[in-house]
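The model shown is predicted, which means the values in this text are computed figures rather than measured ones.
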Amino acid sequence: MKGLYCKPGDQGDVKFVSHAMNVPTNIGDHQVKVQVKSCALSPVDFKLYEDLKLEKEHVPVGREIAGVVLQVGPKVTFFQPDDEVVGILPLEAERSGLCSVVVTDEYNLVQKPEKVSWFEAAAVIKDGLRAYTALHTLARMAAGQTVLVLDGAGPFGVLAIQLAHYHGVKVLATALSPEDQKFLEELRPSVARVIRVWDSKEDLVDSCLEETGGLGVDIIIDSGVRLYDEEPEAQRHCPHKHDLLTLLSVGGHWVTTEQHLQLDPPDSHILFLKAASLSFLNDEVWTTSRAKQGRYLHILKDVMDKLCTGTFRPQLEDPVPLYEATVSMEMVQRKQTRKRIAVKL
């Protein structure tokens, strides 16, 4: 049975290869064998595998899966054969989610609502988890607060906006292009203000302070930060860390995806004066540590419920056939796509 795997090349490039692996005939006490119906594609973070001592010759591609349970272990209590499930394979998984059949622990899966398609379930589960982790677990959002979502038209940004609206939070969002601006302005419930960071005439700090009466925003969810004044072209739309510190309110929460963020003593002093906090968004901790397994499964279930009821309305590419998975994954790894891509098996 073949799946898609990748390995880093000699010049820093990434090679994707089709690799055959056998499906185990015997499964563990708490394991579930799943026939995969759809698998979403996300970039592979080789540095994370290295940091966690999980380096392999071939790293499995595609970890967000939706499918049908074929077989359950003798001590499995959550599922039975023919159940429709969705979940995220852990980093240590040996098999690609693009294999027709995978085996995983029951604790990595939740029930898929009947009204939700395979394609949508697989495509939304990871971004939904990120949105919950950022807004609930880290920022502790509450009704009446104001949140700034950077790159609001991205797959993660859209769900973060919709989750914030659901809880009565006022949303400001940045648009990286005229197309993103048009999309965000047409969202319902509407975004309080769309900030055109692609337009040099519009200033992020001034716009946020104007919208909040000079008080600043309660929560910032970034999608990358400029650490220095001179940065690569790819980061031209990312705000400088000093701008984000300036527009953060007293007692505010800054949730960052920038794993190499460096704060100098003056930066930390600003956080101290505002009694503000900084959190790092790494949604992989849910599967690398089982300390809060019950909360993790509750979040996955709630993501599916919100997708079923229409609270989450994701922006997705059309389903990709399996024979186009390699080309699509190359685009995803190079971050050349603006919508989430899922493969139909």
Side-chain angles (χ1 to χ4, degrees), residues 130-154 156-178 180-227 235-258 261 263-264 266-281 311:
R130 284 172 64 83
Y132 263 83
T133 304
L135 290 170
H136 281 295
T137 308
L138 299 177
R140 307 287 185 182
M141 71 172 170
Q145 290 183 321
T146 301
V147 60
L148 170 64
V149 179
L150 299 169
D151 188 14
F156 164 59
V158 170
L159 297 192
I161 289 171
Q162 292 167 350
L163 183 61
H165 275 146
Y166 178 81
H167 289 280
V169 174
K170 179 180 177 181
V171 178
L172 314 179
T174 63
L176 306 187
S177 67
D180 286 356
Q181 178 187 347
K182 183 175 184 295
F183 167 75
L184 290 170
E185 289 175 345
E186 294 174 351
L187 273 181
R188 294 295 179 270
S190 59
V191 175
R193 181 158 182 170
V194 179
I195 303 166
R196 306 185 306 272
V197 294
W198 54 271
D199 185 353
S200 58
K201 297 178 182 178
E202 185 152 1
D203 185 78
L204 175 64
V205 175
D206 291 345
S207 298
C208 290
L209 294 179
E210 178 185 331
E211 193 65 38
T212 58
L215 297 176
V217 298
D218 300 295
I219 301 170
I220 298 172
I221 311 293
D222 74 38
S223 59
V225 181
R226 278 193 296 122
L227 305 180
Q235 288 192 296
R236 68 186 186 281
H237 291 320
C238 291
H240 197 282
K241 62 179 179 179
H242 296 147
D243 293 340
L244 298 186
L245 289 169
T246 300
L247 58 84
L248 193 62
S249 71
V250 170
H253 301 276
W254 174 11
V255 180
T256 183
T257 59
E258 179 54 65
L261 179 66
L263 293 184
D264 299 320
D267 302 329
S268 299
H269 189 60
I270 292 174
L271 286 175
F272 167 76
L273 291 175
K274 294 185 175 186
S277 64
L278 170 67
S279 301
F280 289 87
L281 177 57
T311 300

Novice: Does any pair with a residue in residues 135-154 pass salt bridge (Lys or Arg N to Asp or Glu O under 4.0 Å), and if so which ones, sequence neighbours excluded?
Specialist: D151-R338

Novice: Are M141 and L163 close enough that some pair of their side-chain heavy atoms sits under 4.5 Å apart?
Specialist: yes

Novice: What closest approach, in Å, do P239 and L150 show between heavy atoms, and which atom pair accounts for it?
Specialist: CG-CD1, 3.6 Å

Novice: Measure the OG-NE2 distance between S190 and H165 for me, rounded to the nearest 0.5 Å.
Specialist: 6.0 Å

Novice: Suppose the criterion is salt bridge (Lys or Arg N to Asp or Glu O under 4.0 Å): which pairs have a residue in residues 156-168, not counting sequence neighbours?
Specialist: none

Novice: Could you please spell out the steps behind the side-chain contact (heavy atoms from CB on, under 4.5 Å) verdict for L244 and T256?
Specialist: CA-CA 10 Å; L244 298 186; T256 183; over 6 Å; no

Novice: Using only atom types and a distance under 3.5 Å, with no angle test, would you say the side chain of D218 pairs donor to acceptor with the backbone of V147?
Specialist: no

Novice: Among V149, D222, L204, exactly one meets side chain to side chain contact (heavy atoms under 4.5 Å, CB included) together with T174. Which residue is that?
Specialist: L204

Novice: For a quick test of reading the model, state the closest non-hydrogen atom pair linking A153 to F183 and the distance between them.
Specialist: CB-CD2, 3.8 Å

Novice: Working to the nearest 0.5 Å, report the span between CG of L281 and CG of L138.
Specialist: 6.5 Å

Novice: Would you check if the side chain of K170 reaches a backbone N or O of V217 as a donor-acceptor pair within less than 3.5 Å?
Specialist: no

Novice: Check whether D199 reaches the backbone of K201 with its side chain - one donor and one acceptor, N or O, closer than 3.5 Å.
Specialist: yes

Novice: Start with the C-alpha distance between T257 and R130, add both sets of side-chain angles, then the distance that settles side-chain contact (heavy atoms from CB on, under 4.5 Å), and finish with yes or no.
Specialist: CA-CA 10 Å; T257 59; R130 284 172 64 83; 3.6 Å; yes

Novice: Between H242 and D267, does any side-chain donor sit less than 3.5 Å from a side-chain acceptor?
Specialist: yes

Novice: For R193 and E210, run salt bridge (charged side-chain N to carboxylate O under 4.0 Å, His left out): C-alpha distance rounded to whole Å, both residues' side-chain angles, the deciding distance at 0.1 Å, then the answer.
Specialist: CA-CA 10 Å; R193 181 158 182 170; E210 178 185 331; 3.4 Å; yes

Novice: Got a second to check how far T146's OG1 is from L215's CG, nearest 0.5 Å?
Specialist: 9.0 Å

Novice: Could K241 and D264 be called an ion pair, given the rule that one side-chain N must be under 4.0 Å from one carboxylate O?
Specialist: yes

Novice: Restricting to non-hydrogen atoms, name the atom on I195 and the atom on E202 that form the minimum distance, rounded to 0.1 Å.
Specialist: CA-OE2, 3.8 Å

Novice: Check L247, I219, L248 against L148 for a side chain to side chain contact (heavy atoms under 4.5 Å, CB included) and give me the one that passes.
Specialist: L247

Novice: Taking all non-hydrogen atoms of both residues into account, name the closest pair between A173 and L184 and its distance.
Specialist: CB-CD1, 4.2 Å

Novice: Give, for atom CG of L263 and atom NE2 of H269, the distance between the pair rounded to the nearest 0.5 Å.
Specialist: 14.0 Å

Novice: Got a second to check how far R196's CZ is from S207's OG, nearest 0.5 Å?
Specialist: 8.0 Å

Novice: Flag yes if more than 12 heavy atoms outside H167 fall under 6.0 Å of its NE2 atom; otherwise flag no.
Specialist: yes

Novice: Quick check against the 3.5 Å criterion: does R226 have a side-chain atom that pairs as donor or acceptor with the backbone of C238?
Specialist: yes

Novice: Is the closest side-chain heavy-atom distance between L176 and W198 below 4.5 Å?
Specialist: no

Novice: State which residues pass ring pair (Phe, Tyr, Trp, His ring centres under 6.0 Å) with Y132; sequence neighbours excluded, sorted by chain then number.
Specialist: H136

Novice: What pair of heavy atoms forms the shortest contact from V255 to A134, and how long is it?
Specialist: CG2-O, 3.8 Å

Novice: For atom OH of Y166, decide whether the heavy atoms of other residues, nucleotides or ligands shown that lie under 6.0 angstrom number more than 12.
Specialist: no

Novice: Taking all atoms of both residues into account, what is the closest heavy-atom pair of A142 and V169, and its distance?
Specialist: O-CG2, 3.5 Å

